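Beneath this line is the structure, given in structure tokens, with notes to follow.
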Protein chains: 2
Amino acid sequence: MQNLLDRIERMREFGPEFIDITWNAGGRTSELTSELVRCCQRDLGIETCMHLTCTNMPAEKVDIALKEAKQWGCRNVLALRGDPPFGQEQWTKTEGGFEHGIDLVKHIREDHGDYFDIAVAGFPEAQNRPDRDIEMKYLKEKVDAGVNFIFTQMFWDVDLFITWVKAVRAAGITIPIVPGIMPIQTWNGFQRATSLAKITIPDSLLAKLEPYKNDDEKVREIGTQIVADMCRKILAADIGIRGLHFYTMNLERGTRMLLEALNFVPHIEVVRPLPWRQALTPTRRGENIRPIFWANRVKSYIHRTENWDEYPNGRFGDSRSPAYGELDGYGIWIKQTPEEGRKIWGEPKTFDDVCKLFSKFCNGELKSLPWSDTAPASETTVISTELARLNELGYLTINSQPAVNGAKSTDPVHGWGPRNGYVYQKAYLEFFVDKKKFEELVLRIERDPMITYYAIDKHGNLRTNNHSDGPNAVTWGVFAGKEIIQPTIVEAVSFLAWKDEAFELGMQWSRIYEPGSVSRKLLESIMETFYLVNIVHNDFQDPQAVFAAFGLETKKANGTANGGAH
Amino acid sequence: MQNLLDRIERMREFGPEFIDITWNAGGRTSELTSELVRCCQRDLGIETCMHLTCTNMPAEKVDIALKEAKQWGCRNVLALRGDPPFGQEQWTKTEGGFEHGIDLVKHIREDHGDYFDIAVAGFPEAQNRPDRDIEMKYLKEKVDAGVNFIFTQMFWDVDLFITWVKAVRAAGITIPIVPGIMPIQTWNGFQRATSLAKITIPDSLLAKLEPYKNDDEKVREIGTQIVADMCRKILAADIGIRGLHFYTMNLERGTRMLLEALNFVPHIEVVRPLPWRQALTPTRRGENIRPIFWANRVKSYIHRTENWDEYPNGRFGDSRSPAYGELDGYGIWIKQTPEEGRKIWGEPKTFDDVCKLFSKFCNGELKSLPWSDTAPASETTVISTELARLNELGYLTINSQPAVNGAKSTDPVHGWGPRNGYVYQKAYLEFFVDKKKFEELVLRIERDPMITYYAIDKHGNLRTNNHSDGPNAVTWGVFAGKEIIQPTIVEAVSFLAWKDEAFELGMQWSRIYEPGSVSRKLLESIMETFYLVNIVHNDFQDPQAVFAAFGLETKKANGTANGGAH
């Protein structure tokens, strides 16, 4: 599952309008289908099209699936009759279920009005069969029952496809048709899929591929060219095809090669409307502000704010619910098992060992920390040297962002939002530090009127120089014709909620070691006695100023505590 | 009245906490008092303290005055018994009125709870009189009835004042005391005020002033030094005095000289929390966003939005009421009488004459236009050459602001808001232009993706390239520890409301000339046929880019239509 989600995460960079979540015959995996729809819509922020079949599906089960899809914000359903269950030859109607695809279409329309866009399958291959007129009659009836678009089955003969499309149009069907495209990944895969779906292969195609059937690399290379040519021919034919539907088979490489051959890999701004990923569930679609604290723990943020009545849009304070969910209710666990954790982090014996682990993480030499499941974001690499140095000095950083003073919104590292705009960030640092070092730090910080900070220990003792109630916008964008968008903020109430989680993650780390062991005691004592500190350097026009407060030599030789003259 | 308001406008730059609006004995001018409170609170955005006397005031009249004060947001009242009405020797109670100041204090507290801060008068001079203990007893009773602070009458003997303050404290009165300071402006004024209030003058003071009693300039100079010394002595005495109350007598110069001598003239940021003046009425106190269109007609904007349920705060769209008041309901007139208008603008005979008038206004050679009662704001002087040139070319500009790319919030020209921040502006231009010239312009504009515009004629035909619903923030500020503040926006619904007013002002201008006259026909035909256009250049990082679209040579020799490289 995690493997698949990671792949979806990568494949979203291809810029799909949505992805399909198939429905397994027999209902064995219907819970998995719903779970995947939820993960994609809510956690990954990708639009989905959920498949739904009649096989082994009493109406109540269909209704549950639709209700859940709706709950997670999925608005597309592919309504299928489906294949017979595994081990059965003939398709039979389930008791209390639907006999034909059209019954399912009608049922969805009756219960959910216009909420869902409904797709049905089209079979270009049927154009070769004697019963093609009956097939077309059924398709027309389904479409008339309220279908919005047609996904086709795979095919290898583009001329046949074009003929079929014309026949569909001649039958009075005017809704969009999206051809199903199967990338060729291996000879065996190509053969298996084709014979399962009973698709004819033109001799010319076979002649090009078969000589290399023992060379998968070559098959993929030639196959990519063949399918790319097919796609170009389809799009060039004057039959109104505006999109392609790829049968990825959960594989990434063949689709990527195909998209590259077609020059369809999109620019980055297409997929980054905000600096963080928006959730696509109905209540969260308008959400456009979040606190920075959960930047590396998005799923936890979504969980802990799941019960909010509305989500911040435009201003954080407008719709903030007073309450973050408790840690207990959501299982805020570090992702690593104890074994994995000990393997990644070893057994730190001294505080210096811990500092070195954090420093390594900043340098990209350690793949995760309890507070970050993934390597540092590419944008923080511009300050990775400074971060590593801070950790060596005993400031254990768990979150940060560099200052950005008006980069173009199309900037490959910092950019987000529409074209024709500029993005800004205030430098942010969050770290654990012992109380003695904090007292030294705070003396320096308070000399710089551009720094605001909050510090809190595990027991809730709070120190701050920020006495305004409102949030501090630390990321914002200015775009043509729009209000200022400020998607990331630092704010006291949220920090108090995050603090429990931050200390708990450290305590969980300690518990991967034996009770009484040196490592366990060391980590426990850090969590028990350190401050968790967040610092914003509000002078975003001076990117290095934040480090001056730590006595770090900055790139500007004359950097001073207040950021130098500018 | 206008003269007085202009003076208040200038004197607000001294940074007073509030200004006093006196109450004239006999009620002859009680409507004027209420009117002044309204103008100060709502139109000028200055906090007021309203005086209220018992003289000739039945309780109903007091109640009306308090209700109106509350309605305009005034929260301070100085409760006085007052002098006998003009021509009367003895003070007598009005039927249905109040006999003593304390009755008035009690009445205000009963009816309005804690809403008002109530001040009463204190008489340091009484310390010299035999009845001083009775006076002190009365004062104590009033304070106990719910008074918040004491304003003293004028005095010249600081030692006497200090003695009195100590006596007040000894009587158990702990509320703040604000000494009344009378600047010395002329020998006669000094003598008259002093004798009216029956104040003793120390011989040493007389000795310094009297020799120059025929030289007002010298009296003012020496007087300023004398009073400044008094103030310094008062503030240095360890008696807890934290503020001074100046008897300005509606005069500006003496108070300014005194404040300068005391080095009390504040920095600009103290008095500019937003780029425009906030109204201080209860419903508008939180308002922090306005459309740019009424920048030169603030009073009209306040009138036309007077009935809104709430005012935009943080975002314009959040609380925008759908309806601007109609022009008819509010008397949107040009300020100039026909005679004044003809004197200022002459009798334009050709379109070129009109262009020259507009161009002169931009250059500061003409003091007003029907759309602007005052000279251009200091910030537009940085683009006055370009503006004048545009007008010569036939674009009749009525509103504009230059681009500002992150000036310090303390910048004397563009700055506003708290210290430790940066302010930004997108370049804005609004003008009338004939349709032919507009068509040429729009061809150039649409080549620049950073320009958004709205154009509309008198009859409501709208042209725009901005198809987003939301507002365009054209002024914003970034401050330490705060969300982004965006006080000025461009927005379609507001522009449609403004358009009626803009064309009506032009029609009113035409009507200062005889029906059938050349000038009248000329101005009418401009209003009938021209577009009113607003243009935002969204690339605030390139201040000159907006002028490139007009084919103006910009200061950057290589300026191109899209603002050049940056």
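As the structure is a prediction and not an experimental result, all values here were calculated from the model. Numbered from 1 within each chain, the chains take letters A, B, ... in sequence-line order.
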Contact summary for A:Glu483 and B:Gly314, nearest pair of heavy atoms:
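Heavy atoms of A:Glu483 and B:Gly314 come nearest at OE2-O, 4.4 Å.
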Could you tell me which non-hydrogen atom of A:Phe479 sits nearest to which non-hydrogen atom of B:Asn472, and how far apart they are?
O-OD1, 4.3 Å
Approximate separation, where rounding is to 0.5 Å, of [X] [atom1] and [Y] [atom2]:
X        : Y        : atom1 : atom2 : result
B:Asn420 : A:Asp448 : CG    : CG    : 8.5 Å
B:Lys482 : A:Asn466 : NZ    : CG    : 8.0 Å
B:Asn538 : A:Tyr422 : CG    : OH    : 10.0 Å

Check each atom of B:Gln486 against the heavy atoms of chain A and say whether the ones under 4.5 Å are side chain, backbone, both or neither.
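Just the side chain, heavy atoms under 4.5 Å.
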Should the heavy atoms of other residues, nucleotides or ligands under 6.0 Å from CD of A:Glu17 be counted, would the total exceed 12?
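Open.
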Does A:Asp114 CG have over 12 foreign heavy atoms under 6.0 Å away?
no
Residue selection (most heavy-atom pairs with chain B, distance under 4.5 Å) from A:Val474, A:Val478, A:Ile289
A:Val478
If the plane angle is over 60° it's perpendicular, under 30° parallel, otherwise tilted; pick one for A:Tyr424 and B:Phe540.
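Ring orientation, 0 to 90° scale: parallel.
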